[in-house]
Undergrad: 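Structure below; questions to follow.
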Protein chains: 2
Amino acid sequence: MTPNKEDYLKAIYKLGGMETLVNNKQIADTLQIAPASVTEMLGKLKREGLIHYEAYKGSRLTSEGIGAAISLVRGHRLWEVFLMRHLGYSWSEAHEDAELLEHITPPRLIARLDQFLNHPAYCPHGSAIPRSDGQVDCMPLQPLNLLFVGEASRIRRVTEEKGLLDYLQGLGVTIGASVRIVEAGAHEGPLTLDLDGKRVQISYKAACQIYVDETARL
Amino acid sequence: MTPNKEDYLKAIYKLGGMETLVNNKQIADTLQIAPASVTEMLGKLKREGLIHYEAYKGSRLTSEGIGAAISLVRGHRLWEVFLMRHLGYSWSEAHEDAELLEHITPPRLIARLDQFLNHPAYCPHGSAIPRSDGQVDCMPLQPLNLLFVGEASRIRRVTEEKGLLDYLQGLGVTIGASVRIVEAGAHEGPLTLDLDGKRVQISYKAACQIYVDETARL
DNA sequence: AAAAAGATTTAGGCATACCTAAATTAGCGA
DNA sequence: TCGCTAATTTAGGTATGCCTAAATCTTTTT
Ligand SMILES: [Mn+2]
Ligand SMILES: [Mn+2]
Ligand SMILES: [Mn+2]
Ligand SMILES: [Mn+2]
């Protein structure tokens, strides 16, 4: 296993490769690698028993591949917790450095880190940390932009993308904060939020990347 | 800079490449790489301005190379402190995993780790941790085997080699412990030590890898 | 000073993981 | 169903970093 292969597995995992077939273009776009190179690497991953892959059809993780991907994600998110909780990292910094650390984290380090951090259930961005047995629990969430005006909910997760994270953290967005849409600009205009009691304006595009509790819809 | 090149720089540094010329064979032995491959890599490091290198003569670090090597060693030793102090690692485990972590530790992570650990001066094996400005302080030490029978001193550093570390830690050897040679077997036979009041037998070869304060010799 | 021994370099290869350009295939709409 | 487009694969090539075997240089020994 190499860092490169790990990144492929993680990409396939995040693109839904546990359930559905993932097509090459998505992987190429995610990893910023030429489609031809993706084809080549998928051949190797298949030969190594990490993915099911049929030419022109797409790829899906084998149970071995799932294990590798989940272990990687587990390491990544545990590092994020450590970096923010103990080293004072920002949202985007934590994600960036965890991206490196994940690749050189042997199982014993993952285990001890988990213990040191007291078995956290979520990363600082709100994603669930897979348990050591591979279990991942998920809550039903919806993007903030789909909330009705006036409807209240709670922020549970944000998409991990450097620019977005810096923007949101600058605005004071936090996981667990209560939120209500005060006003929604027309044509996907900015949203005015009541965020933990404070009035905040946020772009529509950013709101699509913030996930809140699915409140009961009648 | 790649992990491989970093390991070359670190090897040269540890082989005395700040002061003296280091010859290729030493590097090849240290890194377990064929001499031909070493020649090739040294050419690249020279082209990149990290070492002075003259064919058949040997190599020496440039100031840029010194900076890179020292930063690597600093990261390595800070990780060791973290792994032992907070994650319950053993001497050899800490060294092993730090060997991986050192290569993907950006400057900001080194800085925050240093702060989190409260600017430790020594790694768990007793080596000085270079300061952020590159300064490294060293005490005058001597190998334990050179101590006279009956003479007392204090253990300050051990050589970092997995097998040795496990052996010594199993024996109860610690940094800072007081030590006195009770009896020395002939022909480089085992030494009987008084280690913090406890009687311990240790191989001559291992004693050569334990460094103690240079006590005043008359 | 020559020969032997040891260290180093050169030459020729291999594996990994990328790329671009040129086929090829699949899927969709006319 | 034919053809167009988009996705994918194949072909050919690059850079890194390693290897072995064969020169070549240096140092030591006789
Ligand atoms: Mn990564
Ligand atoms: Mn995260
Ligand atoms: Mn290393
Ligand atoms: Mn150490």
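Throughout, a chain's letter reflects where its sequence line sits, starting with A, and its residues are numbered from 1.
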Undergrad: Can you work out whether B/N24 or A/P3 has the more 5'-proximal nearest nucleotide on DNA chain C?
TA: B/N24
Undergrad: Let me know the distance between CG of B/N23 and C1' of C/dT9, rounded to the nearest Å.
TA: 15 Å
Undergrad: Measure the acute angle between the ring planes of A/F82 and B/F82, then classify it against the limits of 30° and 60° as parallel, tilted or perpendicular.
TA: tilted
Undergrad: What is the separation between atom CE on A/M41 and atom C1' on C/dA15, rounded to the nearest whole Å?
TA: 12 Å
Undergrad: Is the phosphate of D/dG17, meaning OP1 or OP2, less than 4.0 Å from a side-chain N or O of B/T2?
TA: yes
Undergrad: At under 4.0 Å, does any side-chain N or O of B/Y53 touch on OP1 or OP2 of C/dT9?
TA: yes
Undergrad: In whole angstrom, what separates A/K25's NZ from C/dT25's C1'?
TA: 17 Å
Undergrad: Please determine, for the side chain of B/I33, which listed nucleotide (D/dG17, D/dC19, D/dA7) has the closest atom?
TA: D/dC19
Undergrad: Check the distance between C/dT8's P and B/L42's CG and give it to me in whole angstrom.
TA: 10 Å
Undergrad: Distance-only, no hydrogens or angles: does the A/H86 side chain make a donor-acceptor pair with backbone N or O of B/F116 under 3.5 Å?
TA: no
Undergrad: What does the B/S/- profile of nucleotides 20-28 of chain D look like, 5' to 3', with a 4.0 Å heavy-atom cutoff to protein?
TA: BB--BS---
Undergrad: How about B/L61 and B/Y13: do any of their side-chain heavy atoms sit closer than 4.5 Å?
TA: yes
Undergrad: Rounded to whole Å, please give me the gap between CG in B/D7 and C1' in D/dT16.
TA: 15 Å
Undergrad: Grab the CD-C1' distance between B/E40 and C/dC14 for me, whole Å please.
TA: 12 Å
Undergrad: Going by heavy atoms in the side chains, are B/E160 and B/S127 under 4.5 Å from each other?
TA: yes
Undergrad: Separation of A/K44 atom NZ from D/dT9 atom C1', in whole Å?
TA: 15 Å
Undergrad: Check A/C123 against A/I129 and note the closest heavy-atom contact, atom names and distance.
TA: N-CG1, 3.7 Å
Undergrad: Do B/E80 and B/H76 get their side chains close enough for a donor-acceptor pair, meaning under 3.5 Å?
TA: yes
Undergrad: Taking A/L144 as the fixed residue, which of A/V158, A/V173, A/I210 is the one that meets the side-chain contact (heavy atoms from CB on, under 4.5 Å) rule?
TA: A/I210
Undergrad: For D/dC18, does either OP1 or OP2 sit under 4.0 Å from a side-chain N or O belonging to B/N4?
TA: yes
Undergrad: Atom CD1 of A/I27 and atom P of C/dA17: how far apart are they, to the nearest Å?
TA: 15 Å
